[in-house]
Amino acid sequence: MKIAVIGVGNMGSAIMTGLAHKTKDELIAFNPANPRVDQFAAKIGAQRMTEVTELVAAQPDLLIFTTPAPVTVDVAKQFTDLNDVLVLSAAAGVSIVDLQTALPNASVSRMIPNIPVAVNAGTIGVTLDPGLSNDQRQSFRTVIAALGDIIDVKESQLDIVGTVGGCSPAFVDVMMDALSDGAVMEGLDRKTAYQIVASMVKGSGTLAYESKEAPAVLRDQVASPGGTTIRGIAALEKGGFRSALIEAIKASCGE
């Protein structure tokens, strides 16, 4: 498959990096002139294009839009000469209907990924165009699955999926930094503290994902009666840890 990523900023670069790791698809980095993008494309072995006519002539099978939301529809309108192209938009707040109006000859779907797609460990909310053929649906899912976990949701749920999946890695980073500070305060060197915390988060996430158990069940497997863990949990509750995370999600949603 020939895949063109339109807009190679942080998310576009992450998606292309993940695809370069896992697929043998032909990748095209489409972006206005930018030395950083030139260097990036060369590094991952992608074609580099800056002109619409050049991209149209290349006849990509799939366009992935990672452009800023306010300009996505206007950018999309430049590619009306592409017929029967698949379109996958990662632009938050730009609806499938908006993009179908801009690209009437395309099959449009949406995804809301997060930055870990760069290491093929993304959490990706997906709404596929219900009018896709089975082959088109499989093509979409194959590309997205190369980037991480597919979470199928209604289009109306994509924004909250984007908030939880997209913002929460930063919240986890803050938590990891704080846990490392606590370890250093108790005498552990910083490098080892970071290694332990990162490994713990990876293992805990993998266990939760693969076991399908509720977080409270997994917590209870660690928190023995009268033990060290339950005392630590009590300290978190006293500090408003759970409430702070809930408020962080609400704030990220604009509430």
Side-chain angles (χ1 to χ4, degrees), residues 9-23 36 40 43-44 66 90 111-126 144-151 153 160-253:
N10 290 335
M11 183 55 70
S13 298
I15 288 171
M16 294 193 74
T17 299
L19 292 176
H21 287 159
K22 283 282 189 176
T23 74
R36 178 193 60 79
F40 169 73
K43 179 181 177 181
I44 67 167
T66 57
M111 69 173 177
I112 301 294
N114 59 6
I115 287 295
V117 294
V119 291
N120 312 99
T123 303
I124 309 155
V126 175
I144 301 168
L147 299 172
D149 297 322
I150 297 175
I151 312 295
V153 295
I160 184 59
V161 171
T163 297
V164 177
C167 299
S168 294
F171 305 158
V172 174
D173 290 336
V174 172
M175 180 192 74
M176 291 169 65
D177 194 43
L179 289 171
S180 300
D181 282 346
V184 170
M185 187 171 69
E186 294 298 322
L188 198 62
D189 65 275
R190 178 67 68 178
K191 181 179 179 180
T192 303
Y194 282 158
Q195 183 180 13
I196 291 172
V197 171
S199 176
M200 175 276 299
V201 170
K202 178 180 73 171
S204 298
T206 300
L207 178 60
Y209 186 82
E210 293 188 356
S211 71
K212 305 293 191 296
E213 292 282 10
V217 173
L218 297 175
R219 176 204 61 200
D220 288 346
Q221 291 174 1
V222 182
S224 303
T228 56
T229 302
I230 193 63
R231 291 200 293 270
I233 290 172
L236 289 175
E237 294 290 352
K238 184 177 180 180
F241 183 70
R242 289 160 57 91
S243 177
L245 288 176
I246 293 169
E247 291 301 317
I249 295 295
K250 291 172 62 178
S252 296
C253 289

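If you're wondering where the values come from, they're calculated on a predicted model, not measured in any experiment.
Checked options Val117, Leu147, Asn120; the residue passing with His21 is Asn120 (criterion: side-chain contact (heavy atoms from CB on, under 4.5 Å)).
Put simply, the side chain of Leu218 does not reach to within 4.5 Å of the side chain of Val222, judged on heavy atoms. The closest side-chain heavy-atom distance from Thr17 to Phe40 is below 4.5 Å. Taking the side chain as every heavy atom from C-beta outward, Asp181 and Glu186 never approach each other to under 4.5 Å. Using a 4.5 Å heavy-atom threshold, the side chains of Ile160 and Ile249 count as touching. A 4.5 Å side-chain heavy-atom check between Met176 and Leu179 finds every atom pair outside the cut-off. Met111 is listed as a side-chain neighbour of Ile15, based on a closest heavy-atom distance under 4.5 Å.
Atom CD1 of residue Ile233 and atom OG1 of residue Thr228 lie 9.5 Å apart, to the nearest 0.5 angstrom.
Around CG of Asp189, the count of heavy atoms belonging to other residues, nucleotides or ligands within 6.0 Å exceeds 12.
Closest heavy-atom contact between Arg36 and Gly9: NH2-CA, 3.9 Å. Contact detail for Ile112 and Ala90: the closest heavy-atom pair is CD1-O, 4.3 Å. A pairwise comparison of heavy atoms in Asn10 and Ile115 identifies O-CD1, 4.0 Å as the closest pair. Scanning all heavy atoms of the two residues, the minimum distance from Pro169 to Asn114 falls at CG-ND2, 4.0 Å. Nearest heavy atom pair, residue Ala20 against residue Ile44, reads CB-CB, 4.2 Å. Nearest heavy atoms, Ser180 versus Val197: OG-CG2, 3.7 Å.
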Determine all donor-acceptor pairs shorter than 3.5 Å in which one atom belongs to a side chain in residues 198-208; sequence neighbours excluded.
| residue | atom | partner | partner atom | Å |
| --- | --- | --- | --- | --- |
| Ser204 | OG | Met200 | O | 2.9 |
| Thr206 | OG1 | Lys202 | O | 2.9 |

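For the salt bridge (Lys or Arg N to Asp or Glu O under 4.0 Å) condition, the pairs that include at least one residue of residues 219-240, sequence neighbours left out, are Glu237-Arg242.
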